[in-house]
Amino acid sequence: MFTNAGTSSFTAFLSKAAPEMLPGRRALPPGMAADLAPHATTIVAIAAADGVVMAGDRRATMGNLIAQRDIEKVHPADAYSLVGIAGTAGVGIELMRLFQVELEHYEKIEGAMLSLDGKANRLASMIRGNLGAAMQGLAVVPLFAGFDLAASDPTRAGRIFSFDVTGGPYEETGYDAIGSGSLFAKSALKKRYRTGLSVDDAVRLAVEALYDAADDDTATGGPDLTRRIYPVVMTATAEGTHRLTDAETSTIAESVVAGRMENPGG
């Protein structure tokens with residue numbers, strides 16, 4: 001099995017070599033398990049003129065408790081795409097890492113990169129494999145976005161895909177958000193988003209949307225100026241993926257907070 005060329009899908013290979021290592025293939029005790037593990041919350045993604053921006057707050061909750069204040073929910077999937085997770089944090093992080101290996105494995109076997117639609121479909125299949133655990137409360141719903149190298153119009157190359165718990169993929173227009181604070185984040189984006197935003201403007205808008213989500217959702221963490229914990233903000237453009245440094249993010253977050261001191265409503 002390890003010496004044959006096999007399939008270009010690492011998940012398919014793992015399902016034969018060691019199926020118990022897949023998140024959705026592990027045996028679970030009967031009953032609901034939603035309150036037994038920390039949950040990751042709000043992620044936002046915005047399509048810009050030169051690519052796409054994704055940002056996530058840093059809080060993980062377990063019931064009414066803050067389980068972790070500095071969890072990282074947004075990561076690069078490969079050189080030109082990003083993935084953010086909401087739902088059961090441990091399963092989500094494992095699924096995200098498996099997705100990264102899946103894309104890298106495909107490139108090594110095929111000698112080419114999957115299309116952005118192909119990446120979204122691979123992620124959808126992996127989510128579908130976790131359906132059994134999701135029905136017991138250990139659900140993971142990611143947000144996927146990237147720069148489409150095959151786009152005919154470079155100004156529309158930034159694309160966003162959302163998913164439901166059964167793995168259904170849906171392409172979103174302009175922006176999207178997932179997690180417990182998504183209702184408030186999307187309401188903020190709905191009023192402020194416009195086609196053709198620069199990446200810098202989209203970054204600012206993403207941080208403001210997370211601030212609005214934290215303002216109304218207790219499971220979403222806002223900028224923590226005392227501990228200097230700020231959202232994770234990443235971009236995907238023709239130059240590849242890039243994570244804003246802590247210094248860059250803190251400047252934007254502190255500017256947003258200062259603005260809200262004068263105008264709390266935004």
Side-chain angles (χ1 to χ4, degrees), residues 7-15 22-24 40 42-48 50-56 73-88 91-131 134 139-179 182 185-186 189 202 206 234-238 240-242:
T7 174
S8 62
S9 170
F10 182 77
T11 305
F13 167 77
L14 200 60
S15 68
L22 290 171
T42 312
I43 309 290
V44 301
I46 303 173
D50 299 319
V52 68
V53 173
M54 185 177 289
K73 313 169 192 176
V74 177
H75 299 267
D78 67 358
Y80 293 96
S81 61
L82 308 167
V83 61
I85 56 166
T88 307
V91 178
I93 291 171
E94 188 176 21
L95 191 70
M96 176 270 301
R97 289 174 178 166
L98 183 60
F99 182 50
Q100 291 172 326
V101 175
E102 175 82 6
L103 299 184
E104 185 177 354
H105 180 80
Y106 180 91
E107 288 187 40
K108 288 181 177 179
I109 297 296
E110 298 292 340
M113 184 181 295
L114 263 173
S115 67
L116 199 64
D117 290 287
K119 296 172 190 177
N121 289 333
R122 288 289 176 101
L123 183 54
S125 177
M126 294 170 67
I127 299 167
R128 198 173 300 118
N130 192 55
L131 182 58
V140 176
V141 181
L143 189 60
F144 176 67
F147 185 87
D148 190 351
L149 295 171
S152 56
D153 182 359
T155 63
R156 298 181 181 273
R159 300 172 64 192
I160 302 168
F161 295 86
S162 65
F163 305 84
D164 60 33
V165 74
T166 65
Y170 311 96
E171 184 166 0
E172 305 293 343
T173 301
Y175 60 87
D176 196 35
I178 58 171
S182 61
K186 284 195 283 189
L189 292 172
M234 296 196 69
T235 64
T237 64
T241 60
H242 169 69

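Quick note: numbers below take in every heavy atom, side chains included, and nothing from hydrogens, waters or symmetry partners.
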Colleague: Tell me the closest heavy-atom pair linking Pro76 and Thr241, and the distance in Å.
Modeller: CB-OG1, 3.9 Å
Colleague: Given side chains that start at C-beta, do those of Leu116 and Tyr80 come closer than 4.5 Å, heavy atoms only?
Modeller: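 Contact flag for Leu116/Tyr80 side chains = no.
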Colleague: Rounded at 0.5 Å granularity, tell me how far CG in Leu123 sits from CG in Leu143.
Modeller: 10.0 Å
Colleague: Where do Val52 and Gly158 come nearest, in terms of heavy atoms and distance?
Modeller: CB-CA, 4.2 Å
Colleague: Which heavy atom of Phe147 sits nearest to which heavy atom of Ala157, and what is that distance?
Modeller: CE1-CB, 3.4 Å
Colleague: Checking Phe144 now: which residues fulfil ring pair (Phe, Tyr, Trp, His ring centres under 6.0 Å) with it, not counting sequence neighbours?
Modeller: Phe99
Colleague: Is a side-chain donor-acceptor pair under 3.5 Å present for Ser115 with Asp117?
Modeller: no
Colleague: Quick check: closest heavy atoms across Met54 and Gly84, and the distance to 0.1 Å?
Modeller: SD-N, 3.5 Å
Colleague: So, do Asp164 and Tyr170 sit near enough that their side-chain heavy atoms are less than 4.5 Å apart?
Modeller: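 Side-chain contact under 4.5 Å: yes.
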Colleague: Is it true that atom CD of Glu104 has more than 12 heavy atoms of other residues, nucleotides or ligands lying nearer than 6.0 Å?
Modeller: no
Colleague: Once rounded to the nearest 0.5 Å, what's the spacing between atom CZ of Arg128 and atom CG of Asn121?
Modeller: 8.5 Å
Colleague: If you round to the nearest 0.5 Å, how far is OH of Tyr106 from OG of Ser9?
Modeller: 10.5 Å
Colleague: Roughly how far, to the nearest 0.5 Å, is the OG1 atom of Thr88 from the CD1 atom of Ile93?
Modeller: 11.0 Å
Colleague: Is there a side-chain contact between Ile43 and Ile85, using heavy atoms and a 4.5 Å cut-off?
Modeller: no
Colleague: Please find the pair of heavy atoms, one from Lys73 and one from His75, that lie closest to each other, and give the distance.
Modeller: C-CD2, 3.9 Å
Colleague: Quick one, Met96 and Pro142 - any side-chain contact, counting heavy atoms below 4.5 Å?
Modeller: no
Colleague: Distance-only, no hydrogens or angles: does the Ser182 side chain make a donor-acceptor pair with backbone N or O of Gly179 under 3.5 Å?
Modeller: yes
Colleague: Going by the rule ring pair (Phe, Tyr, Trp, His ring centres under 6.0 Å), which residues pair with Tyr175 if we only count those two or more places apart in sequence or in a different chain?
Modeller: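 Here the qualifying residues are Tyr193.
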Colleague: Do you know which two heavy atoms are closest between Thr42 and Ala185, and how far apart they sit?
Modeller: CG2-CB, 4.4 Å
Colleague: Any non-hydrogen side-chain atom of Val140 less than 4.5 Å from a side-chain atom of Ile127?
Modeller: no
Colleague: To the nearest 0.5 angstrom, please state how far the CG atom of Leu189 sits from the CD1 atom of Ile46.
Modeller: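 Atom-to-atom, Leu189:CG and Ile46:CD1 are 5.0 Å apart.
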Colleague: Measuring from Lys186:NZ to Ile178:CD1, what's the distance to the nearest 0.5 Å?
Modeller: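 Going from the NZ atom of Lys186 to the CD1 atom of Ile178 covers 10.0 Å.
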Colleague: If the test is side-chain hydrogen bond (donor to acceptor under 3.5 Å, both in side chains), which one of Arg122, Arg97, Lys119 qualifies with Glu102?
Modeller: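 Output: one option passes, namely Arg122.
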Colleague: Kindly determine whether Leu95 and Met126 satisfy side chain to side chain contact (heavy atoms under 4.5 Å, CB included), including the steps that lead there.
Modeller: CA-CA 8 Å; Leu95 191 70; Met126 294 170 67; 4.0 Å; yes
